[in-house]
Amino acid sequence: MVLVFAEREGNSFKKSAYEAVSYGRDLAESLGTTCVAAVIGRVENAGQLGRYGAHAVVEHTGAGTDVFEPAVYTAALDEIAKSQNCDVVVLSGSYTGKILAPKLAARNKAALVTGVVELPDMSSGFTVRKSCYSNKAFTTVQLNAPNKVLSIIPNSYSIKEFPGEATLTQLSTDLSGSSMTQSLEIDKQAGKVPLTEAEVVVSGGRGLKGPENWGMIEEMAELLGAATACSKPVSDMEWRPHSEHVGQTGITIKPNLYIAIGISGAIQHLAGVGGSKVICVINTDPEAPFFKAADYGIVGDAFDVVPKLINRLKEINA
Amino acid sequence: MRSKFSYFCTTLTEKKRDMKILVCVSAVPDTTTKITFTENNTKFNSSGVQFIINPYDELALTRALELTEQQGGEVHIITVGDASVEPIMRKALAIGAASAIRVDAQANDGMEVAMEIAAYAGDKGYDLIMAGRESIDFNGGQVGPILSELLGYALVNIATKVDIENGRVLATRDIDGGREKVSCTMPCVVTAQKDLCEPRIPNMRGIMQARTKPLQVIPATVSSGSTAYASFELPEAKGAVKLIDAAEAGKLIDLLREEKKLI
Ligand SMILES: Cc1cc2nc3c(=O)[nH]c(=O)nc-3n(C[C@H](O)[C@H](O)[C@H](O)COP(=O)(O)OP(=O)(O)OC[C@H]3O[C@@H](n4cnc5c(N)ncnc54)[C@H](O)[C@@H]3O)c2cc1C
Ligand SMILES: Nc1ncnc2c1ncn2[C@@H]1O[C@H](COP(=O)(O)O)[C@@H](O)[C@H]1O
């Protein structure tokens, strides 16, 4: 059976949870089995995961599951997997998934592949494609153990809809004793589209000259329902928060649309955004390397071009 | 009431908690490498490629050195690989590690690497095991979390800050859309993320000393991993960029709406 970890934020699901569940459903179908979703901690109506492909949902609400803790969540997920006899586990490659996937695989001597970008291929054994060399290449990996753990790059798979809700089972073992780390404080920008989940991202580089010029970037992002991102020097200089830094040493994103403004397109920057489906580049320098990776380009001054884009978006929205 | 003297002694003993830190170091192609493959796309083409210490491992190593400088103690490095990785191990020694261990194995995946490291480190009493958040070649992000599981240690993954206070680890780690401050006991596995520290560059004295520092080679203990890289491919080349005149920049929005249905 296929188990999917459905990540929550507070008492609702993250978009990446729906994506992972849809992926798990399609995988389960190709294996001729069922898809079970695992929820850790309490969520408003966990059965809704049926609408994204889960045949069944198991919710673990034992003591200790309220707040994420690596050892506790690994134990909870493992307990759910064993209770359902699941041999394939799917997680989203969020920061939480980056901890749980390897830990769960280590417990079960599973074959582990992280950074997965599509559904596995069962034509010769069990193989799956993942990105490697900081998104400069892909590799097809053969999984040779009975237990398998896959973590998928967020936004690699489209969410699907299915009729009806899934049946819900509860587990409530007390896991608080396994806790090893204590969360002291969480610092998050509330109310913003999370970067890794955003379908559209508007990103600015050193070409924008200073933090005071991000108003137009944010305005455009808001009109597009987009998240904002930046290049490394921009976060290094603290023009923008570190959490917006994309690239080889920052976050890897795969939005449907990436709009790069005043960013040169260095190889390390492209490593984090090259997987975007459509790339638009706005840069004064026609020789900027980013144009080689772009689908659409405007050679021009951001301070002239961006206001024009904003105007057009406003006309359309009106 | 505590005398001044006993207060002095406790702070002294707290300070003098000698730390033993193991840093996992991997060799990766330089960040600017043009990636190509050989043997019908089944092997990475390493000809002419310069190998470096994985940038995150450099951060882990530097922070480990800073911590032992504050607390007392020693930093060791471990690499799983064949003899070709020794130059980067010498570089880690030149940066300041006291000794190096090479597990003589060509590991297939992160699970295998972590099992080798756990087999070595299990009974050595390390307070901290540090690794990079991911290697920039296979981008697994696997070794650190797997080690924490195999050894039963606490884990701070993707850490941007690590301090030791009163024998506890105080750290900040990346989470989706922000950061979290955590505290845990040792032993603990920490994986390094950008911002953890400024990487150190070896100086002449360090380079000279590195030549005579111990580099121990030990045999592999794990048979084989459970994954295999069957083939590699490069992303499809992009078609030519469609340029839009800056004077009619608004057209970009229309193209994205009509051609791509993205807006
Ligand atoms: C190990 C390593 C890791 C790295 N990791 C990352 C990473 O993760 N992410 C990352 O982004 N970088 C990373 N870098 C840095 C990377 O090499 C580049 O230096 C960086 O991406 C450049 O940022 P930028 O494009 O914003 O700035 P610049 O290179 O300075 O480019 C600014 C661009 O803006 C254009 N411009 C100027 N004025 C205007 C205007 N008015 N309107 C429009 N365009 C204008 C210029 O023509 C230029 O192309 C890394 C480097 C190393 C060595
Ligand atoms: N062969 C290796 N030898 C020692 N440490 C390694 C090796 N491969 C990876 N690591 C460590 O594990 C981290 C994560 O690597 P990975 O799981 O491959 O992304 C790296 O940053 C290193 O600290």
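Numbered from 1 within each chain, the chains take letters A, B, ... in sequence-line order.
Among B:Asp254, B:Thr32, B:Ile263, the residue with the largest count of heavy-atom pairs under 4.5 Å with chain A is B:Asp254. Between chain B and the options A:Thr140, A:Asn144, A:Val200, heavy-atom pairs under 4.5 Å are most frequent for A:Thr140. Of all the listed residues (A:Ser151, A:Ser94, A:Gly300), the one sharing the greatest number of non-hydrogen pairs under 4.5 Å with chain B is A:Ser94. Ranked by heavy-atom pairs shorter than 4.5 Å toward chain A, the options B:Ser148, B:Gly239, B:Gly141 are led by B:Ser148. Listed options A:Ile251, A:Val278, A:Thr196, A:Leu143 were ranked by heavy-atom pairs under 4.5 angstrom with chain B; first place goes to A:Val278. Note: B:Asp174 leads B:Asp174, B:Val143, B:Leu252 in heavy-atom pairs under 4.5 Å with chain A. With respect to chain B, the highest number of heavy-atom pairs below 4.5 Å among A:Ser179, A:Ser131, A:Ala226, A:Ala111 belongs to A:Ala111. Between chain A and the options B:Gly152, B:Ser231, B:Gly177, B:Gly178, heavy-atom pairs under 4.5 Å are most frequent for B:Ser231. When the candidates A:Gly250, A:Cys280, A:Pro286 are compared by the number of heavy-atom contacts under 4.5 Å with chain B, A:Cys280 comes out ahead. Interface check for chain B: of the options A:Gly297, A:Gly93, A:Gly275, the most heavy-atom pairs under 4.5 Å are formed by A:Gly297.
Chain A is approached within less than 4.5 Å, heavy atom to heavy atom, by B:Ile35, B:Phe37, B:Phe44 from residues 35-55 of chain B, ordered by number.
In this structure, chain A has heavy atoms under 4.5 Å from both the backbone and the side chain of B:Ile175. Contacts of B:Ile158 with chain A are made by side-chain atoms alone, with heavy-atom separations under 4.5 Å and no backbone atom involved. Only the side chain of B:Leu170 comes within less than 4.5 Å of a heavy atom of chain A; its backbone N, CA, C and O stay farther away. The part of A:Thr74 that comes within reach of chain B is its side chain, from C-beta onward, which places non-hydrogen atoms under 4.5 angstrom from that chain. In this structure, chain A has heavy atoms under 4.5 Å from both the backbone and the side chain of B:Lys242. Only the side chain of A:Gln268 comes within contact range of chain B, with at least one heavy atom under 4.5 Å from a heavy atom of that chain. Looking at A:Ser235, the atoms closer than 4.5 Å to chain B (heavy atoms on both sides) all sit in the side chain, from C-beta outward. Using a 4.5 Å cut-off between heavy atoms, B:Asp109 does not touch chain A at all.
Cation-pi geometry between B:Lys124 and B:Tyr120 is satisfied (NZ or CZ under 6.0 Å from the ring centre, within 45° of the ring normal). The cationic atom of A:Arg129 (NZ for Lys, CZ for Arg) lies less than 6.0 Å from the six-membered ring centre of A:Phe138 and within 45° of the ring axis.
Applying the 6.0 Å contact sphere to NZ of B:Lys161 captures no more than 12 heavy atoms from other residues, nucleotides or ligands. For B:Glu165, the CD atom counts as loosely surrounded, since its 6.0 Å shell holds 12 or fewer non-hydrogen atoms of other residues, nucleotides or ligands. Applying the 6.0 Å contact sphere to CG of B:Leu234 captures more than 12 heavy atoms from other residues, nucleotides or ligands. Around atom NZ of A:Lys277, more than 12 heavy atoms belonging to other residues, nucleotides or ligands sit under 6.0 Å away. When the shell of 6.0 Å around NZ of B:Lys34 is examined, it contains 12 or fewer heavy atoms from other residues, nucleotides or ligands.
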Using side chain to side chain contact (heavy atoms under 4.5 Å, CB included), reason through B:Ile164 and B:Arg168 one step at a time and then give a plain yes or no.
CA-CA 6 Å; B:Ile164 307 295; B:Arg168 278 182 81 83; over 6 Å; no
Might you work through the side chain to side chain donor-acceptor pair (under 3.5 Å) test for A:Glu69 and A:Thr181, ending with a clear yes or no?
CA-CA 7 Å; A:Glu69 198 284 331; A:Thr181 58; 3.0 Å; yes
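Looking at A:Glu244 and A:Thr228, their side chains do bring a donor and an acceptor atom within 3.5 Å of each other.
One finds the CD1 atom of B:Ile78 at 12.5 Å from the OG atom of B:Ser26 (value rounded to the nearest 0.5 Å).
Using a 4.0 Å cut-off between a side-chain N of Lys or Arg and a carboxylate O of Asp or Glu, B:Arg63 and B:Glu58 do not qualify as a salt bridge. A salt bridge between B:Asp176 and A:Lys14 is present, with a side-chain N of the basic residue lying under 4.0 Å from a carboxylate O of the acidic one.
Taking the six-membered ring for Trp and thresholds of 30 and 60 degrees, B:Tyr229 and B:Phe232 have nearly parallel ring planes, at less than 30 degrees apart.
Every residue two or more places apart in sequence or in another chain that forms a ring-ring contact (aromatic ring centres under 6.0 Å, His included) with B:Tyr126 is listed here: B:His76.
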